[in-house]
Enquirer: 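Take a look at the following structure, please.
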Amino acid sequence: MLFNSIEFLLFLPTVFFLYWFVFKNQLRAQNVLLLVASYIFYGWWDWRFLSLIIASTFLDYFIAIQLGKTDVSKKRKFLLGISLAGNLGMLGFFKYYNFFVSSWIEAWSSVGITMEASTLNIILPVGISFYTFQTLSYTIDVYRKEMQPTKSFIDFAAFVTFFPQLVAGPIERASHLLPQFYKNRTFDYQNAVDGVKLIIWGMFKKVVVADNCAFFVNKIFENPEAYSSGELFVGMVFFAFQIYGDFSGYSDMAIGISKLFGFDLMVNFKFPYFSRDIAEFWRRWHISLSTWFRDYIYIPLGGSKGTQWFQIRNVMIIFLVSGFWHGANWTYVVWGLFHALMFLPLLLFNINRSHLITKSYGWLDFAKIGFTFFVVCIGWVFFRADSIADAFQYLMKLFSFDSLEINYFFKNNRYLLSSIVCLVSIALLMIIEFISVIKKRSTVKISNLIAIILVLMIFFMGSFKNQLDFIYFQF
């Protein structure tokens with residue numbers, strides 16, 4: 001079920017009414033309602049895959065209970081191993097089985113050995129990477145004795161399946177979200193208003209910015225040889241805003257919807273396109289994933305301690321794993337490697353934490369922002385391309401500088417209007433975010449007037465004819 005669908009437009013008010021008017025002040029009933037609603041929300045896509053999320057829920061609930069009963073080191077490690085094997089096993093099978101089989105065959109073919117192997121027609125369950133990491137955070141934290149296992153299966157299951165952030169994050173930590181299911185929740189009018197504004201802001205990013213940009217991006221990436229260097233540059237920039245509008249738009253809507261039910265989710269994006277280097281970009285982009293990797297992989301590996309070689313190794317591992325997390329394609333691995341190579345000079349010269357605090361922005365800062373954005377856009381070409389060869393073909397044509405013309409975007413009235421919509425919506429997005437940046441906010445604060453303008457833009461400029469899934473549903 002998509003946030004920008006008619007079904008969800010009916011689903012959300014129904015759950016909201018039952019939650020606050022029928023089950024008001026009934027904590028257990030509210031949690032049961034959220035659990036049932038979440039199963040309906042997820043099952044609307046394909047009810048068969050509810051079995052996976054239910055299996056993961058049962059596994060980690062009972063593993064945590066057993067962890068809470070023993071202090072024997074070997075037994076605790078064994079129990080954690082079962083959780084890791086079960087969760088990562090399901091993730092690996094559904095997401096990477098065909099990839100590994102195909103890669104194995106291609107590797108032998110490259111040395112002249114022909115092999116045959118059957119691949120399965122496996123459907124990737126929506127959101128499996130997100131809820132797998134969310135449940136693992138719970139088991140690992142209980143193993144580390146950083147939190148106590150919950151005794152309520154309903155509360156834990158509601159935490160795992162919480163529908164606003166179930167399929168595309170933010171990836172919530174159990175220590176932050178799970179305790180919120182234990183506490184009585186009262187309706188807060190201002191909190192609800194803020195939530196509605198965030199939903200509007202996220203919807204604007206998705207259907208006005210992202211989906212309008214997608215029209216041009218899909219055309220250009222399908223056949224880059226047919227376009228000039230200038231048109232490829234615009235296509236690359238449009239994809240940067242497509243993926244940002246699409247993914248951060250989902251996160252904003254998820255946070256806003258959660259506020260309607262009295263829940264607080266972590267901020268997942270902090271204006272990443274105003275970053276002055278790659279290190280700052282990763283402190284602002286997909287924060288819930290980058291901090292997950294930091295706390296559960298990077299720091300256990302030794303983090304920034306030890307010799308410089310170990311620091312480089314740890315950085316390479318984190319970025320490569322991050323790339324591989326995104327999908328079963330070598331393009332994502334190369335994308336992760338590209339960001340690692342861009343990050344390493346900052347680490348080697350010990351300037352990777354130079355931009356933790358911003359007092360003001362000068363011309364040098366804007367130059368750094370522009371350069372960092374361009375570097376990120378180059379990385380996005382690998383992320384978007386179907387293959388590594390396609391990505392290099394795109395970049396070679398881009399840097400051939402054969403022509404800077406961008407006539408494609410003005411070839412007829414439809415293209416001209418869509419181009420104007422893209423440019424105007426991107427400009428408005430960046431202006432609103434820049435105001436938040438200079439005011440040192442962690443999220444956008446939207447006035448009533450801006451909210452009305454955004455609603456009008458969604459209604460008149462939103463792309464609804466060809467309803468597009470959120471990009472990160474595939475991860």
Side-chain angles (χ1 to χ4, degrees), residues 204-249 271-275 281 285 331 334-335 338 342 363 366-434 454 457-458 460-466 468 471:
F204 163 77
K205 285 183 176 179
K206 167 60 177 171
V207 302
V208 181
V209 178
D211 289 355
N212 279 304
C213 285
F215 171 79
F216 293 108
V217 171
N218 293 339
K219 295 281 187 183
I220 291 172
F221 272 84
E222 282 174 4
N223 185 22
E225 284 295 320
Y227 302 95
S228 69
S229 294
E231 289 162 347
L232 292 182
F233 178 80
V234 175
M236 178 180 70
V237 171
F238 275 11
F239 178 67
F241 283 101
Q242 179 197 352
I243 193 168
Y244 175 56
D246 192 286
F247 191 21
S248 70
F271 323 119
Y273 289 157
F274 289 98
S275 303
F281 174 80
W285 177 275
T331 54
V334 173
W335 172 74
F338 174 80
M342 296 299 103
W363 288 110
F366 286 113
K368 291 179 179 178
I369 289 170
F371 177 75
T372 302
F373 177 72
F374 179 72
V375 169
V376 169
C377 284
I378 297 298
W380 285 138
V381 173
F382 290 98
F383 193 95
R384 175 59 178 78
D386 292 329
S387 68
I388 296 174
D390 289 343
F392 279 114
Q393 179 188 20
Y394 192 105
L395 292 174
M396 289 175 65
K397 183 68 184 296
L398 172 67
F399 288 110
S400 71
F401 302 110
D402 61 345
S403 173
L404 298 181
E405 67 176 21
I406 53 174
N407 296 335
Y408 170 72
F409 299 95
F410 310 105
K411 63 189 299 184
N412 58 44
N413 290 336
R414 179 193 176 188
Y415 284 20
L416 175 61
L417 180 59
S418 296
S419 299
I420 292 173
V421 168
C422 289
L423 294 173
V424 169
S425 60
I426 288 172
L428 180 59
L429 168 67
M430 296 301 283
I431 290 170
I432 292 176
E433 290 204 345
F434 183 65
L454 294 176
M457 292 183 72
I458 291 169
F460 290 107
M461 301 167 67
S463 177
F464 293 102
K465 290 184 180 179
N466 298 315
L468 300 176
I471 293 174

Enquirer: At what distance, to the nearest 0.5 angstrom, does CG of Leu416 lie from CD1 of Ile420?
Expert: 4.0 Å
Enquirer: Is there a side-chain contact between Phe233 and Ser229, using heavy atoms and a 4.5 Å cut-off?
Expert: no
Enquirer: Taking the ring centre of each residue, are Phe241 and Phe373 less than 6.0 Å apart?
Expert: yes
Enquirer: How about Trp335 and Phe338: are their ring centres within less than 6.0 Å of each other?
Expert: no
Enquirer: For Phe216 and Phe239, run ring-ring contact (aromatic ring centres under 6.0 Å, His included): C-alpha distance rounded to whole Å, both residues' side-chain angles, the deciding distance at 0.1 Å, then the answer.
Expert: CA-CA 9 Å; Phe216 293 108; Phe239 178 67; over 10 Å; no
Enquirer: Side-chain polar contacts of residues 425-433 - donor-acceptor pairs under 3.5 angstrom, sequence neighbours left out - could you list them?
Expert:
{"from": "Ser425", "atom 1": "OG", "to": "Val421", "atom 2": "O", "distance (Å)": "2.8"}
{"from": "Ser425", "atom 1": "OG", "to": "Cys422", "atom 2": "O", "distance (Å)": "3.0"}
{"from": "Glu433", "atom 1": "OE1", "to": "Tyr244", "atom 2": "OH", "distance (Å)": "3.2"}
{"from": "Glu433", "atom 1": "OE2", "to": "Tyr244", "atom 2": "OH", "distance (Å)": "2.4"}

Enquirer: In Å, rounded to the nearest 0.5 Å, how long is the span from CD1 of Ile378 to CG of Leu395?
Expert: 5.5 Å
Enquirer: Quick one: does any side-chain atom of Asn212 pair with a main-chain N or O of Met461 as donor and acceptor, under 3.5 Å?
Expert: yes
Enquirer: Look at the rings of Phe434 and Phe366 and say which category their plane angle falls in: under 30° parallel, 30 to 60° tilted, over 60° perpendicular.
Expert: tilted
Enquirer: Quick check for you: to the nearest 0.5 Å, what is the distance between Leu423 atom CG and Ser418 atom OG?
Expert: 11.0 Å
Enquirer: Nearest 0.5 Å, please: how far is OG in Ser248 from OH in Tyr273?
Expert: 8.5 Å
Enquirer: Parallel, tilted or perpendicular for Trp285 and Phe281, by the 30°/60° rule?
Expert: parallel
Enquirer: Between Tyr415 and Lys219, is there a side-chain heavy-atom distance shorter than 4.5 Å?
Expert: yes
Enquirer: Would you check, one step at a time, whether the test side chain to side chain contact (heavy atoms under 4.5 Å, CB included) holds for Arg384 with Asn218?
Expert: CA-CA 10 Å; Arg384 175 59 178 78; Asn218 293 339; 3.0 Å; yes
Enquirer: Indicate the atoms forming the closest heavy-atom contact of Ser228 with Glu405, along with that distance.
Expert: OG-O, 2.6 Å
Enquirer: For Lys205 and Asp246: C-alpha separation, side-chain torsions, deciding distance, then whether salt bridge (Lys or Arg N to Asp or Glu O under 4.0 Å) applies.
Expert: CA-CA 6 Å; Lys205 285 183 176 179; Asp246 192 286; over 6 Å; no
Enquirer: Taking all atoms of both residues into account, what is the closest heavy-atom pair of Ala240 and Cys377, and its distance?
Expert: CB-SG, 3.7 Å
Enquirer: Measure the spacing between CG of Asp402 and CD of Glu231 and express it to the nearest 0.5 Å.
Expert: 9.0 Å
Enquirer: Shortest non-hydrogen contact from Ser463 to Asp211?
Expert: CB-CB, 3.7 Å
Enquirer: So, for Phe382 and Phe392, is the gap between ring centers shorter than 6.0 Å?
Expert: yes
Enquirer: Main chain of Ser387, side chain of Thr331: is a donor-acceptor contact present, judged purely on distance under 3.5 Å?
Expert: no
Enquirer: Stepwise, does the side chain to side chain contact (heavy atoms under 4.5 Å, CB included) test hold for Ile220 with Phe409?
Expert: CA-CA 11 Å; Ile220 291 172; Phe409 299 95; 3.7 Å; yes
Enquirer: Ser275 side chain to Pro272 main-chain N or O, any donor-acceptor pair under 3.5 Å?
Expert: yes
Enquirer: To check you understand the geometry: which heavy-atom pair defines the closest contact between Met236 and Tyr394, and what is its length?
Expert: N-OH, 3.3 Å
Enquirer: Using the benzene-type ring in the case of Trp, are the ring centres of Tyr227 and Tyr408 under 6.0 Å apart?
Expert: yes
Enquirer: Distance from Ile406 atom CD1 to Leu232 atom CG, nearest 0.5 Å?
Expert: 12.0 Å
